[in-house]
J.: 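Quick one: this structure, given as structure tokens, is what I'll be asking you about.
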Amino acid sequence: MPSNKSVSDAPITQFINCRILRDNELQREDLWVREGRILDPEKLFFDEQGYADKRVDCEGSIIAPGFIDVQINGGYGIDFSQASEDVSDGVSFVAKKILEHGVTSFCPTLVTSPPEVYHKVLPQVKVHDGGPHGAGVLGFHLEGPFISAEKKGAHPEKYLRTFKSGGLEHLMEVYGSLDDVAIVTLAPELPGSQSVVRELSQRGITVSLGHSAADLSQAEEAVQQGASFITHLFNAMLPFHHRDPGIVGLLTSDGIPAGRAVYYGMIADGIHTNPAALRIAHRAHPSGLVLVTDAITAMGLPPGRHTLGQQVIEIQGLHAYVAGTKTLSGSIATMDMCVRHFKQASGCSVQEALEAASLHPAQLLGISPKKGKLDYGSDAGQSRLHLYFCLPAVRAAVVPPLCPQRFLGCSFGLFSWWGEGAV
Amino acid sequence: MKLIILNDYDQASEWAAKYIRNKILQFSPGPNKYFTLGLPTGSTPLGCYKKLIEYYKNGDLSFQYVKTFNMDEYVGLPRDHPESYHSFMWNNFFKHIDIKAENTHILDGNTADLQAECESFEKKITAAGGIQLFVGGIGPDGHIAFNEPGSSLVSRTRVKTLAKDTIMANARFFDGDLSKVPTMALTVGVGTVMDAKEVMILITGAHKAFALYKAIEEGVNHMWTVSAFQQHPQTIFVCDEDATLELRVKTVKYFKGMMHVHNKLVESPPSEPKKN
């Protein structure tokens, strides 16, 4: 059908019979898209006298922005912390697989490793947009090695480090490069952390507190220097104490500088955090909750033994332990499972659950105008559009015939779409 | 005139929508024969628009060969402001139906030369062959469109300064802040609407009752501009019980007695809908 649009000839698709997550609520509206950008249909109508070339009936599904996973260590047999020659292939493989869970952008995470690993792995993967081929990479999340020995969790002790003098320069020696790094997790009680936090923040890198035995005032100090995230709240940190809430206390601290917000990662797999604890955190600071998978190599794989960083892991059901111990080494839940579990455990609305996996991580990383939202002009994913349909009802997913990735299993459906359609 | 009295707002809206639907279907619009419709904004026609959308969604009515001309638009309000009449028409009507943008006409209150815009609007109406059916509402002060009390009864499309009453009535759409309400508007004239082949005025609610009384039971008077339609050969007033509260019992009984005849005008079309 010839289009009569004066601005662009690119075809316009109109998604009808859907609910859109926009302005913090689910609105019953149509979604109009051209070339991977969301259009304002009123502007299209009056300014361009344009109309839709193609209509897709969503049959009542919800359209939500793609999920953003800021802590994922690998999956499907791929371990991002393994120094191999084809890291970027591994990242691309996982990127493609996680589309099925609705994740359209992520931060490949490296656990504590020796400098050789960082020097080999980091240069192989650049920040890039995603598309039908796979989720986009927003930058690495370097979890360690500047963490507390007391709270190392599954991280290998022999590679832990402290800040030598020279702060950032020492960091650069260890990591090699910070060019494609989005997040660094560190323990603020390590001497010399203040200048490191400050310098990393100034470089636009998100500083996260985790694997730490810091008390609340040390944590607040770090936030004042620029830290804005907490790595997997409750895990690998001092427990909440009523006279010194520790890092957990940041959720309700009055020591946060004005205009700044502290976000906190939550592994909502039903294992890493008791639902009651999840609820306490959520109720204390709902707008800061960021769902993360902290998924490990074994995510997506059958039960058994697998490698993570420099250690061996054992899968038992939905649990992943450091082999031979009962220390949790990470999660194998997928992001859509986390969103669903979070909604169920906290009793929050569908809209809040979806925002915890999309809007909040986008706000954390400072990319929200383009991603994490379905506002006019937004990417809704990346340069190509990825929509995530989810069905809060139990019925099986409705997947439009042009979707190449059939939805699997639970009550979430995935829809992929791109310009030169597969219709 | 025909005075159609229904029990409540919903029934009045439905009657009006059915009437419009039937008029369009009987006209059998096509690519060389467009049905031209004049349209109002405000809270009164909302129910009618909802019904028309329903008829479109059911497949009983298409707006593919319908041209619309809105009565008015604020001056100086950005077109995408949620309270502009462009936004109103988009959100409450156009986006739900199959009308083409080029067939809709709304005055542009943001052009540099407002006078030229008004003249051009009149020309567009003429070029479209005139308006088949002009649907309008009535203000509490008896105005049609923005033809405030004192407007000439032979006026054409022009710029008008809004009366204090109108600004106050509109304040509820601007968070109750009088300073935010536009003070000028472009409006079709009384004469422009009089030129239409048929005029249908929707009047619902007790607060419009006095205006209705002035419009149909008193003389033609430029202080109550809707009264001009007493001199139009084809006028229908569609109202609810509350809007008749200021009329004489005799008037109401007379027209209620005619409802069985008037209701024939809104009967469903024969089982084979004339679709284009």
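So you know, we letter chains A, B, ... as the sequences are listed, proteins then strands, and number each from 1. Just so it is clear, the values below take in all heavy atoms, side chains as well, and ignore hydrogens, waters and symmetry mates.
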J.: So how far is it from B/Trp90 CH2 to A/Leu44 CG, rounded to the nearest 0.5 Å?
T.: 7.0 Å

J.: For the residue pair B/Thr104 and A/Phe45, establish whether any side-chain heavy-atom pair is separated by less than 4.5 Å.
T.: yes

J.: Just how far is it from atom CG of B/Asn91 to atom CD of A/Glu29, taken to the nearest 0.5 Å?
T.: 7.0 Å

J.: Rounded to the nearest 0.5 Å, what separates atom CZ in B/Arg79 from atom CD in A/Glu42?
T.: 6.0 Å

J.: Given that the side chain runs from C-beta out, which part of B/Ser87 has a heavy atom under 4.5 Å from chain A: side chain, backbone, both or neither?
T.: both

J.: In Å, rounded to the nearest 0.5 Å, how long is the span from NZ of B/Lys95 to CD of A/Gln14?
T.: 10.5 Å

J.: For the residue pair A/Phe46 and B/Phe94, does the interplanar ring angle fall in the parallel (under 30°), tilted (30 to 60°) or perpendicular (over 60°) class?
T.: perpendicular

